[in-house]
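Lettering of chains follows the sequences in order, A, B, ..., and the numbering in each one begins at 1.
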Amino acid sequence: MHKYRTHTCSEITKKNTGETIKLSGWIHRKRDHGNLLFFDLRDHFGLTQCVIENSNKFFKIAEKIKPESVVCVSGLVVNRSKETINKNLFTGEIEIKVSSFEILSESNDLPMPVFGEQNYPEETRLKYRFLDLRRKEMHDNIILRSKVISYVRNKMISEGFLEFQTPILTASSPEGARDFLVPSRMHHGKFYALPQAPQQFKQMVMISGFDKYFQIAPCFRDEDGRADRSPGEHYQLDIEMSFVEQQDVFNAVEPIFYKLFTEFGKGKTVSKTPFKRIDYKTSMLKYGTDKPDLRNPIEIFDVTEVMKRDDCKLEIFKKVIEKGGVVRAIPAPNTSTKPRSFFDGYNNWAKEEGAKGLGYILFEKNKDKLIGKGPLGKFFSEQAINELAKICKIKESDAVFFSSDQVKEVERISGIVREKLGKELNLINSKKFEFCWIVDYPMYQYNEKEKKIDFSHNPFSMPQIDLNDFDKSDPLSIKAYQYDLVCNGHEISSGAIRNHLPDLMYKVFSKVGYSKDQVNKKFEGMIKALSYGAPPHGGMAPGIDRIVMLLADTDNIREITMFPMNQQAEDLLMGAPSRPDEHQLKELNIKVLEKKK
RNA sequence: GGGGGUGUAGCUCAGUUGGUUAGAGCGAUCGCCUGUCACGCGAUAGGUCGCGGGUUCGAGUCCCGUCACUCCCGCCA
């Protein structure tokens, strides 16, 4: 007989009745009747109930042993009597009559129980992650993560993609997030950087002639954590393809996502392919964000023209429009009978969010006539009200909120109002995965703070413009072959067709203030690589963690990460980051300055 | 770097307008219990009320500071 087990804790059923078997696992739960003791033995696979009587020489030991100790038991498989069958357990029709009981590893008193579904403090969970991971929900999440990764890997390989590793110790690159630096021992004063993404490497792979590449790639960025963003590191399904246009990338990726979410989405419906494509500008107008939750049926409408009309007497809005602002309407379906406090609540909330305020009109039908009520209703003529209703596809019993300010601010506010309305009015169908592509991102954006033009996304993206027309164009009007994949309001991936033309690259960078020499210096390898025959190429990099979060239906990334750091980017289990020894520092020629108070 | 929330027994939480000895459930320990599966019953132990200062006759409760965790803003090409 095997030293530890003949079976796992989730495979013995009636068909094994009468066999003598051996199991190893953790003591999950004990039910001590004094002269008769039940305990559930747990391993990765499941639970099996074991029973031991006081006549047994191991009874006293079994009675004493603490939960989560690891034991090896052997015994006879016996059928349970009809009344004592546990239908919730796969092994619930049988139990093991213990004949031998060996302690393999004893547990101390637990800082947090494994059994039960109570919530525990984050700090304790992280400090005792190995206990937390034994709990069913966490265990299942991590298994899901593993399955998602291997599913994706198999799909990619079967689609002809090759998996390559790229360096972890690499060079710091300008633009982007803060880098993690690693001091070089051999080169005094020099540092490696951990890759924020294998961006340049994956392009090199294409230039090296490999055609289709993917990698489950660790990415390191020194940013602060959020509920859906681990501080420090995350994983991307990094993809790159040669001789492709945007549509080819979509065609390659869509079926994989459709199948992945159908397979692991717990029965939720998934958008049929091809996924909806929304250009950036439209998305900002209709949804107030570039990651719209399309489960939310509310759409935002521009009503600036209506507000300009002479039969609309709202002077506040007119003034904003004169200063170059806009007015957008956010319909709130079936709310016209809500109490005034509902609308005032939104107004106050919007002010807390930094808005100047939210006006609103309630619509009502009075003898076939649509009339506008609420504080702003009286400022509109009948015609103006009807025009509003037409633009916003309003029906009686609806209301609309108005946001008025400069475009960017209006987009932001209307976007969060739309989101809040969707949630609070229960308009969001949680049984769906709604995918869409956001396309045609602007290449540049204006940085108000530094009063200069910046890249809005990836500087290596291909602009949607000819080299010869570049200088004639307003940079802020130039779009890029740059796209995001969005699901249920989460940005799951961004990607782009890359700029493989050095001359165009110099132009692109010149607009944000890089000279040709600077580009040559900062991107030496890249420019060199593009100068010896580079295939047109593009790809994307879906975030593995966010995908698993969506599939596991959790709203915190730590729930699907095996060993996450806390918000202060500390690993409480391993004690990272830690102070190096003096001799380590000396070897690296590094001196730590004490923090000034 | 900034803003919000939380911090009372190992864990989850209660604790009134400031008022005597800070409670409950789970867990732990001990005892009883042969059919439980969140087993049951009884008892016991367990507290710097995050920490420091202040107001007050009196502070878990009010004020100031500080620390930890968390959520958000900044940051995330």
Mind checking the C1' distance from rA9(B) to rA22(B)? Whole angstroms is fine. 11 Å
Interatomic distance at C1', rG50(B) relative to rU34(B), whole Å: 47 Å
Using atom CD of Glu570(A) as one end and atom C1' of rU70(B) as the other, report the distance to the nearest whole Å. 13 Å
Of all heavy-atom pairs between Ala227(A) and Asp555(A), which one has the smallest distance, and what is that distance? CB-O, 3.7 Å
What contact category does Asp454(A) fall into here, base, sugar-phosphate, or nothing, at under 4.0 angstrom with non-hydrogen atoms? nothing
Please tell me if the side chains of Thr554(A) and Asn141(A) come closer than 4.5 Å, counting only heavy atoms from C-beta onward. yes
On the six-membered ring of Phe115(A), is Arg29(A) placed so that its NZ or CZ lies under 6.0 angstrom from the centre and within 45° of the ring axis? yes
d(CG, Asp109(A); P, rA28(B)) in whole Å: 7 Å
Pick the C1' atom in rG2(B) and in rU56(B), then give their distance to the nearest Å. 35 Å
For Gln482(A), the option from Asn458(A), Ile438(A), Asp440(A), Val439(A) that meets side chain to side chain contact (heavy atoms under 4.5 Å, CB included): Asn458(A)
In this structure, how many angstroms lie between the P atom of rC26(B) and the CG atom of Leu110(A), rounded? 17 Å
rA68(B) phosphate, OP1 or OP2, under 4.0 Å from Gln568(A) side-chain N/O: no
Taking the six-membered ring of Tyr346(A) as reference, does the NZ or CZ atom of Lys420(A) fall below 6.0 Å from its centre and within a 45° cone about the axis? yes
Please measure how far the P atom in rG1(B) lies from the corresponding atom in rC57(B), and state the result in whole Å. 41 Å
Report the relative orientation of the aromatic rings in Phe101(A) and Phe39(A); use parallel for angles under 30°, tilted for 30 to 60°, perpendicular for over 60°. perpendicular
Using the P atom as the point on both nucleotides, what is the distance between rC41(B) and rG27(B), in whole Å? 11 Å
Pairs under 3.5 Å (N/O, protein and nucleotides 11-14 of chain B):
unit_1: rU12(B); atom_1: O4'; unit_2: Gln118(A); atom_2: NE2; d: 2.3

Considering only heavy atoms from C-beta outward, does the side chain of Met443(A) approach that of Val508(A) to under 4.5 Å? yes
Indicate yes or no: at least one non-hydrogen side-chain atom of Met505(A) is less than 4.5 angstrom from one of Ile527(A). yes
Can you tell if the side chain of Pro67(A) reaches within under 4.5 Å of the side chain of Val114(A), non-hydrogen atoms only? no
Using whole Å, what does the distance between atom P of nucleotide rA68(B) and atom NZ of Lys127(A) come to? 13 Å
Please test Asn86(A) against Gln49(A) for side chain to side chain donor-acceptor pair (under 3.5 Å), starting from the C-alpha separation and ending with a verdict. CA-CA 10 Å; Asn86(A) 185 346; Gln49(A) 174 166 283; over 6 Å; no
Could you work out the separation of rG46(B) and rA24(B) based on their C1' atoms and round it to a whole Å? 14 Å
Between Arg178(A) and Asp222(A), is there a donor-acceptor pair closer than 3.5 Å when you use the side chain of the first and the backbone of the second? yes
Tell me: CD1 of Ile65(A) to P of rU29(B), nearest whole Å? 12 Å
Where along nucleotides 31-40 of chain B does protein come under 4.0 Å, by heavy atom, of base (B) or sugar-phosphate alone (S), with - for untouched nucleotides? --BBBBBSB-
In whole Å, what is the span from the CD1 atom of Ile27(A) to the P atom of rG27(B)? 16 Å
Taking the C1' atom of each, how far is rG53(B) from rU12(B), in whole Å? 31 Å
Would you kindly say whether Ser456(A) and Gln445(A) are connected by a side-chain donor-acceptor distance under 3.5 Å? no
Could you tell me if Lys516(A) sits above the aromatic ring of Tyr506(A), with its cationic atom closer than 6.0 Å to the ring centre and no more than 45 degrees from the axis? yes
Pairwise C1' distance, rG58(B) and rG54(B) [rounded to whole Å]: 15 Å
Treat a base pair as Watson-Crick or G-U wobble with both distances under 3.5 Å, then lay out RNA chain B in dot-bracket form, 5' to 3', with | for cross-strand pairs. (((((((..((((.....[...)))).(((((.......))))).....(((((..]....))))))))))))....
Can you confirm if the aromatic rings of His33(A) and Phe38(A) lie within a centre distance of less than 6.0 Å? yes
Quick check on contacts: within residues 556-565 of chain A, what sits under 4.0 Å from RNA chain B by heavy-atom distance? Asn556(A), Arg558(A)
For Tyr483(A) together with Tyr441(A), are the ring centres under 6.0 Å from each other? no
Which residue pairs satisfy the side-chain hydrogen bond (donor to acceptor under 3.5 Å, both in side chains) criterion with at least one member in residues 56-72 of chain A, sequence neighbours excluded? Arg42(A)-Glu68(A), Lys66(A)-Asp109(A), Glu68(A)-Arg134(A)
Starting from the 5' end of RNA chain B, give me the residue, Ser494(A) or Pro67(A), whose nearest nucleotide shows up first. Pro67(A)
Please work out whether the ring planes of Phe523(A) and Phe509(A) are parallel, tilted or perpendicular, with thresholds of 30° and 60°. tilted
Are there any protein N/O atoms within less than 3.5 Å of an N/O atom in nucleotides 73-76 of chain B, and if so, which ones and at what distance?
unit_1: rC73(B); atom_1: OP2; unit_2: Arg226(A); atom_2: NE; d: 2.7
unit_1: rG74(B); atom_1: N7; unit_2: Arg226(A); atom_2: NH2; d: 2.6
unit_1: rG74(B); atom_1: O6; unit_2: Asp224(A); atom_2: OD2; d: 3.4
unit_1: rG74(B); atom_1: O6; unit_2: Arg226(A); atom_2: NH1; d: 3.0
unit_1: rG74(B); atom_1: O6; unit_2: Arg226(A); atom_2: NH2; d: 3.1
unit_1: rG74(B); atom_1: N1; unit_2: Asp224(A); atom_2: OD2; d: 2.6
unit_1: rG74(B); atom_1: N2; unit_2: Asp224(A); atom_2: OD2; d: 3.3
unit_1: rC75(B); atom_1: O2; unit_2: Arg229(A); atom_2: NH2; d: 3.1
unit_1: rC75(B); atom_1: N3; unit_2: Arg229(A); atom_2: NH1; d: 3.4
unit_1: rC75(B); atom_1: N3; unit_2: Arg229(A); atom_2: NH2; d: 2.9
unit_1: rC75(B); atom_1: N4; unit_2: Arg226(A); atom_2: NH2; d: 3.4
unit_1: rC76(B); atom_1: O4'; unit_2: Glu223(A); atom_2: OE2; d: 3.0
unit_1: rC76(B); atom_1: O2'; unit_2: Arg221(A); atom_2: NH1; d: 3.3
unit_1: rC76(B); atom_1: O2'; unit_2: Glu223(A); atom_2: OE2; d: 2.3
unit_1: rC76(B); atom_1: O2; unit_2: Arg229(A); atom_2: NH1; d: 2.9

Here the distance between atom C1' of rU70(B) and atom CZ of Arg125(A), to the nearest Å, is 13 Å
Whole-Å distance separating the CG atom of Asn108(A) from the P atom of rA28(B): 13 Å
Given side chains that start at C-beta, do those of Gln200(A) and Ser173(A) come closer than 4.5 Å, heavy atoms only? yes
